[in-house]
Amino acid sequence: MQKIVLLNWKSNKNIIEAEYWVNNFPKDLLLKRSDIKLAIAPPYPFISQMKRLIDHQQLPISLAVQDISAYGPGAYTGEISAKNLEFLGVEIAIIGHSERRRLFHENSQTVADKVQRAIEAELDVVLCLDETDFPEQAKLLTSTEKAQLSIAYEPVAAIGSGQAVKPSLVKEFFGKLRQEFSQNPLIYGGSVNANNINDFLAISDGVLVSSAALELADFANLIQAIAD
Ligand code: PGA
């Protein structure tokens, strides 16, 4: 089965930098790696242009979004609903990232509503959580929803800090997750880089990466570091 490398650009880059990234993407590096599924979550305004460039150059990149509205289409100023994403070629929605939970006060109910919206829109959901979020979050999801998710374990202290959690501890938490998510793909995110990516891919179904793949050269190092 393919392992996912999901890049989250967060609120970085302007359109020129985003286009540069895609136009100079090391396609050959990735085409050799049929065992890796690469997905990128750019800032919303770049989605259409990125899709055009990806299609034009036939790049092996799936598009993801970093968030989705808990509401449907309608009078929700500033929100991006699942409806808005139709026909844009988005496959994956990251939901419940700790930055959304902590900086934008999303609680587990809001996150559960977002999961529901994304699943209704037939998006593949990567649900982010940590030890603190896990028990309540699991309770607020239906068993049908639960069966359709990928879970990203994202320990807050590891995100953007350069201090990844030890793979043995990630494995331990995956064991706990398995009680609720018995068959789901389990992903790790938090200071994944070229030096540690193999350790995490060895014990997971994929990784979520931000800082260590924002620049193209770093991204190339990351992909090259992945063991066959
Ligand atoms: P990082 O971010 O790779 O910069 O630690 C990961 C994430 O937020 O998922």
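Whatever order the structure lists them in is the order used to number ligands and atoms, beginning at 1.
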Inset, instruction - For ligand 1, list the protein residues that place a heavy atom within a distance below 4.0 Å of one of its atoms, sorted by chain and number. - result: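 Residues within 4.0 Å of ligand 1: K10, H97, E154, A158, I159, G160, G190, S191, V209, S210, S211.
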Inset, instruction - Could you list the residues that satisfy side-chain contact (heavy atoms from CB on, under 4.5 Å) with Q179, not counting sequence neighbours? - result: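 For Q179, no residue satisfies side-chain contact (heavy atoms from CB on, under 4.5 Å) once neighbours in sequence are set aside.
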Inset, instruction - Using side-chain contact (heavy atoms from CB on, under 4.5 Å) as the criterion, list what pairs up with N195, not counting sequence neighbours. - result: N193
Inset, instruction - Grab the two heavy atoms, one from S62 and one from K37, that are nearest each other, plus how far apart they are. - result: OG-NZ, 3.5 Å
Legend entry - Aromatic ring proximity F134/F173, centre distance under 6.0 Å: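 Here the rings of F173 and F134 have centres that are less than 6.0 Å from each other.
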Legend entry - Side-chain heavy-atom pair K13, Y20 within 4.5 angstrom cut-off: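 Counting from C-beta outward, K13 and Y20 never come under 4.5 Å.
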Inset, instruction - With sequence neighbours excluded, give me every ring-ring contact (aromatic ring centres under 6.0 Å, His included) pair touching residues 73-117. - result: Y71-Y76
